[in-house]
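Written below as structure tokens is the structure these notes are about.
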Amino acid sequence: MLRFIVRRLLVLVPVLLGLSIALFAWVRALPGSPAQALLGERATQAQIDLINRQMGLDEPIYVQYFRFLGKIVQFDFGTSVQTNQPVLDEMIRRFPATFELGVTALLLAVVVGVPLGYFAARRGGTWLDSATITGSLVGITIPVFFLAYMLKYVFAVKLGWFPNTGRQEARMLNVEHPTGFYVLDGLVTGNMAAFWDAILHLVLPAVALATIPLAIIARITRAAVLDVLNEDYVRTAESKGLTAGVVTRRHVLRNALLPVTTVVGLQFGLLMSGAILTETVFAFPGVGKFVADAIPTRDYPSIQGFILVIATLFVLINLVVDVAYGLIDPRVRVK
Amino acid sequence: MNVNNLLDVNDLEIVFSRRGRRDVRAVDKVSFSVAPGETVGLVGESGCGKSVTSLAIMGLLPKRGVRLGGSISFDGTELIGLPQDKLRRMRGRDLAMVFQDPMTSLNPVIPIGTQVTEVLVRHRGLSGDAARKEAADLLARVGIPDPARRLKEYPHQLSGGMRQRALIAMALAAKPRLLIADEPTTALDVTIQAQILELLKELVRESGTALIMITHDLGVVAGMCDSVHVMYSGRIVERAGRRELFGHPRHPYTGGLLASIPRLDQPRGERLEPIQGSPRDMLAWAEGCAFAPRCRNRVEECVGTPPALGPDRLRPEHELRCYNPLGGSND
Amino acid sequence: MSLGAAEAAITVAEEQGGGLWREAVKRLSRNPAAIIGAVLIALFVFVAIFADWLAPYTAMAPDLSQIEGPGHVPGPSAEHWLGLDDNGRDLLSRIILGARQSLLVGVVSLLFGMAGGIILGLLAGGLGGWVDSTVMRLVDMMLAIPGLLFAIGIAAMLGQGMTAVMIAIGVVNIPVFARLLRGQMLAQREADYALAAKSLGVKRSRIILGHVFPNSLTPVIVQGTLTLATAIIEAAGLAFLGLSGEDPSIPEWGRMLAESQRHLANAPQLVIAPGVAIVLAALGFTLLGEALREALDPKYRR
């Protein structure tokens with residue numbers, strides 16, 4: 001098992017290195033000089049000269065690259081053009097919001113998607129099955145931002161059930177946030193009003209963000225369950241006269257959920273992309289909105305930092321998913 | 001119908017229907033019985049309906065797209081139409097089944113031990129260490145070495161022969177009175193086949209379990225079964241006791257099956273005799289005897305009304321469905 | 001393998017290939033989802049091509065007669081079926097004209113991605129060895145960045161405007177096709193007919209290009225249909241984020257949506273109309289693509 005992990009980590013290194021090279025090239029390919037890219041268009045010549053010297057732009061390219069790499073490894077992503085704060089700080093500050101949103105969305109997608117897929121497979125040919133298939137096709141096809149707007153319009157603007165922007169009401173400005181995760185904070189500080197407020201603000205964005213993963217998870221679960229139901233070992237289990245519950249849990253689900261778990265792990269990328277759009281629509285102060293704002297302001301350092309962090313996380317999460325799969329599927333384990 | 005029979009299958013009909021296609025009559029009024037402790041052989045080529053019959057007995061056929069007719073009576077209880085929960089209680093405990101492919105018939109992600117103990121938990125009320133000990137004993141009895149270690153292993157860590165032994169252990173764990181073995185050795189190496197068959201013979205003799213042996217291999221039947229039923233295209237075409245059938249095969253199909261087995265004592269250079277044609281060359285029963293297109297003994301009547309299954313006038317121990325059997329006709 | 005058996009294997013494979021498509025078309029014609037998809041696609045393409053003739057008004061000219069005051073966004077009326085947008089322009093016309101943009105972007109980026117992906121996949125699957133490893137490392141790298149983010153990066157690098165968006169989406173899809181084709185080719189290379197051809201002495205390049213490659217294309221085509229749908233959506237997304245340039249004379253659904261945000265409360269149709277248009281267009285390709293995948297799946301052969 002340890003060898004397995006080490007081997008996968010080793011494969012990771014060239015991929016990440018390649019990424020860093022790509023990003024390095026990217027910064028230099030941006031419109032304007034790299035200095036301008038990093039400082040923004042309003043930079044003065046003095047500032048540009050300073051950056052040029054700091055970045056060693058007069059030095060050979062591979063030296064520049066290694067400087068770049070050195071900085072990256074120390075998490076120095078430069079300064080945000082929008083806020084003039086270090087990119088790293090900005091990201092750390094906004095990360096909890098996006099994390100809370102993402103986790104909620106993923107939970108929603110799994111808690112609704114898996115049972116839906118399961119029952120659609122069990123009751124093949126009924127309305128539930130057809131509805132699930134159609135629903136998931138449509139779910140995959142709706143642009144996240146459009147869905148976000150529709151939800152906002154119907155439930156926030158028209159019905160007023162939920163707030164339509166932000167993470168907390170303005171009047172709650174004085175509430176403490178020990179963990180930075182607003183829902184948890186409310187519980188931890190015992191402030192039920194804040195807790196409830198945080199939840200209300202999460203609902204609509206989470207639903208919007210969860211839709212595509214939900215559709216995908218429902219489909220995969222349905223397909224996996226259908227496949228497993230046709231397997232011989234399910235027939236063996238039935239022939240043993242085991243109760244329906246045991247057959248379902250130990251034989252059907254234990255096997256069907258294997259591919260589902262992998263898929264769930266891979267939703268991270270989708271959630272990040274979706275977060276950029278969803279947070280924009282709901283003015284949710286997370287990393288996604290930060291990146292979206294970085295585009296019109298040409299805040300390239302922020303975009304670069306975000307890409308780097310997300311790509312690295314993605315690769316690491318893939319590794320975790322692989323290892324986890326090895327833990328739950330004994331056939332893969334004994335290698 | 002003998003009330004002392006363990007299993008009575010009467011006029012069993014199994015029809016498959018699929019949307020947009022014609023119904024397929026897989027089993028057409030099949031009847032046979034199994035007495036307690038008896039070993040019965042159900043012989044035929046693939047597609048003749050023998051496997052489907054066994055699935056029907058176990059109640060394992062899907063509900064949609066399948067129509068069952070006739071009666072399957074186990075120890076007095078009618079199995080067709082029995083509600084699922086009652087069926088579940090009988091399966092494993094009273095009647096059990098061993099399937100053809102040991103590779104795919106085991107749950108790949110659960111240890112072998114659990115797959116045995118779950119039967120014990122369900123039907124014999126055992127749990128924890130008692131169940132594990134009994135499971136190890138069962139594995140030992142089916143000839144698996146070092147059973148305590150095997151309990152924790154997974155199916156992919158066992159060889160094909162051992163997997164099939166494990167499946168037999170699971171089937172017999174709750175001491176059923178009837179065991180159905182559907183081609184249990186077909187997927188195994190030839191050397192292992194004999195071992196598994198010997199094992200089965202021994203176990204059912206020890207425990208007094210009745211056995212239905214489903215196979216296409218007459219050799220298997222010859223070694224094990226008290227009585228044999230030969231099936232073709234969903235119907236029984238001949239039945240007799242073992243010695244009677246092998247000594248005096250009457251139906252041309254049975255004769256063909258026997259003749260097509262190469263024998264050690266055959267003179268060299270003598271041609272093998274296959275049954276001409278293939279199972280696809282079969283008539284619908286409505287148009288006469290289904291075997292007629294492939295039959296050497298075919299006469300005019302054979303393509304008229306299909307022959308009925310009845311006692312063989314020439315050989316009283318036999319039941320036969322043929323107008324012109326081997327060794328002389330009925331009258 | 002004997003000569004006769006080898007030739008037979010190749011013939012069977014070729015016949016099966018052609019027969020697969022014919023059977024698929026038959027099965028598709030009976031599938032309601034496929035028909036709906038095809039209809040939507042036909043509608044979309046028709047509107048896109050004949051947009052100039054179909055649109056009742058132009059994209060630019062505001063109809064000031066309708067506007068009653070600053071900030072007033074007139075709703076649907078007899079002259080303007082969908083009403084006007086916040087600049088007084090006919091919404092329906094802008095939607096119709098926007099179809100052309102969306103189709104253009106979708107098709108171009110798809111072709112770009114497919115071409116790039118096919119080339120890479122062909123190299124990796126056909127040549128194997130270190131070429132395969134290198135290409136796959138590259139593909140892994142590209143797949144490590146979530147799609148939208150990757151597209152943002154590329155579009156930002158290329159400046160703004162629809163061309164940048166098209167290239168960006170194309171590039172993002174290259175690894176998908178590359179991996180798909182490579183996987184297929186690796187499998188096909190071990191198929192009976194390929195081994196048969198090899199044993200007959202057919203040159204390796206001919207086997208790869210003439211037999212393995214064409215037989216590997218089926219899932220690529222299915223994926224292409226599905227990717228067209230996602231390309232349309234991604235393009236809208238990028239436009240929404242402001243990456244598609246500012247030219248107001250060329251309506252683009254995603255940008256229309258972004259620009260109408262602030263009117264969500266008082267004139268929701270400005271957001272709904274382009275959104276629904278995007279959904280319908282993408283849905284058409286998705287339905288057809290999924291139906292195509294099912295229809296071509298050899299497991300479904302009766």
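Lettering follows sequence order; numbering is per chain, from 1.
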Can you confirm whether [X] sits close enough to [Y] that some side-chain heavy atom of one is under 4.5 Å from a side-chain heavy atom of the other?
X        : Y        : result
A/Ile142 : C/Ile278 : no
C/Ile145 : A/Phe314 : no
C/Pro146 : A/Ile310 : yes

Item to complete: Below 4.5 Å from any heavy atom of chain C, which atoms of A/Val144 appear? Answer side chain, backbone, both or neither.
Response: neither
Worksheet entry | Greatest number of heavy atom pairs closer than 4.5 Å to chain C - which of A/Asp293, A/Leu137, A/Thr134, A/Val315 | A/Leu137
Worksheet item: So which heavy atom on C/Pro268 is nearest to which on A/Tyr153, and how close?
Response: CG-OH, 3.0 Å
Discussion item. Less than 4.5 Å to any heavy atom of chain A: does that hold for the side chain of C/Ala156, its backbone, both, or neither?
Written reply: both
Fill in: Structural part of C/Gln261 lying under 4.5 Å from a heavy atom of chain A
both
Distance, nearest 0.5 Å, that separates [atom1] of [X] from [atom2] of [Y]:
X        : Y        : atom1 : atom2 : result
C/Leu241 : A/Phe145 : CG    : CZ    : 8.0 Å
A/Met272 : C/Leu149 : CE    : CG    : 9.5 Å
C/Phe240 : A/Tyr149 : CZ    : OH    : 4.0 Å
A/Ile140 : C/Ile233 : CD1   : CD1   : 9.5 Å
A/Ile295 : C/Leu238 : CD1   : CG    : 7.5 Å
C/Ile152 : A/Ile307 : CD1   : CD1   : 7.5 Å

Item to complete: Identify the residues of residues 212-226 of chain A whose heavy atoms come closer than 4.5 Å to a heavy atom of chain C, ordered by number, or report 'none'.
Response: A/Arg219
Worksheet entry | Positions in residues 136-143 of chain C that reach chain A, provided some heavy atom is under 4.5 Å away | C/Arg137, C/Asp140, C/Met141, C/Leu143
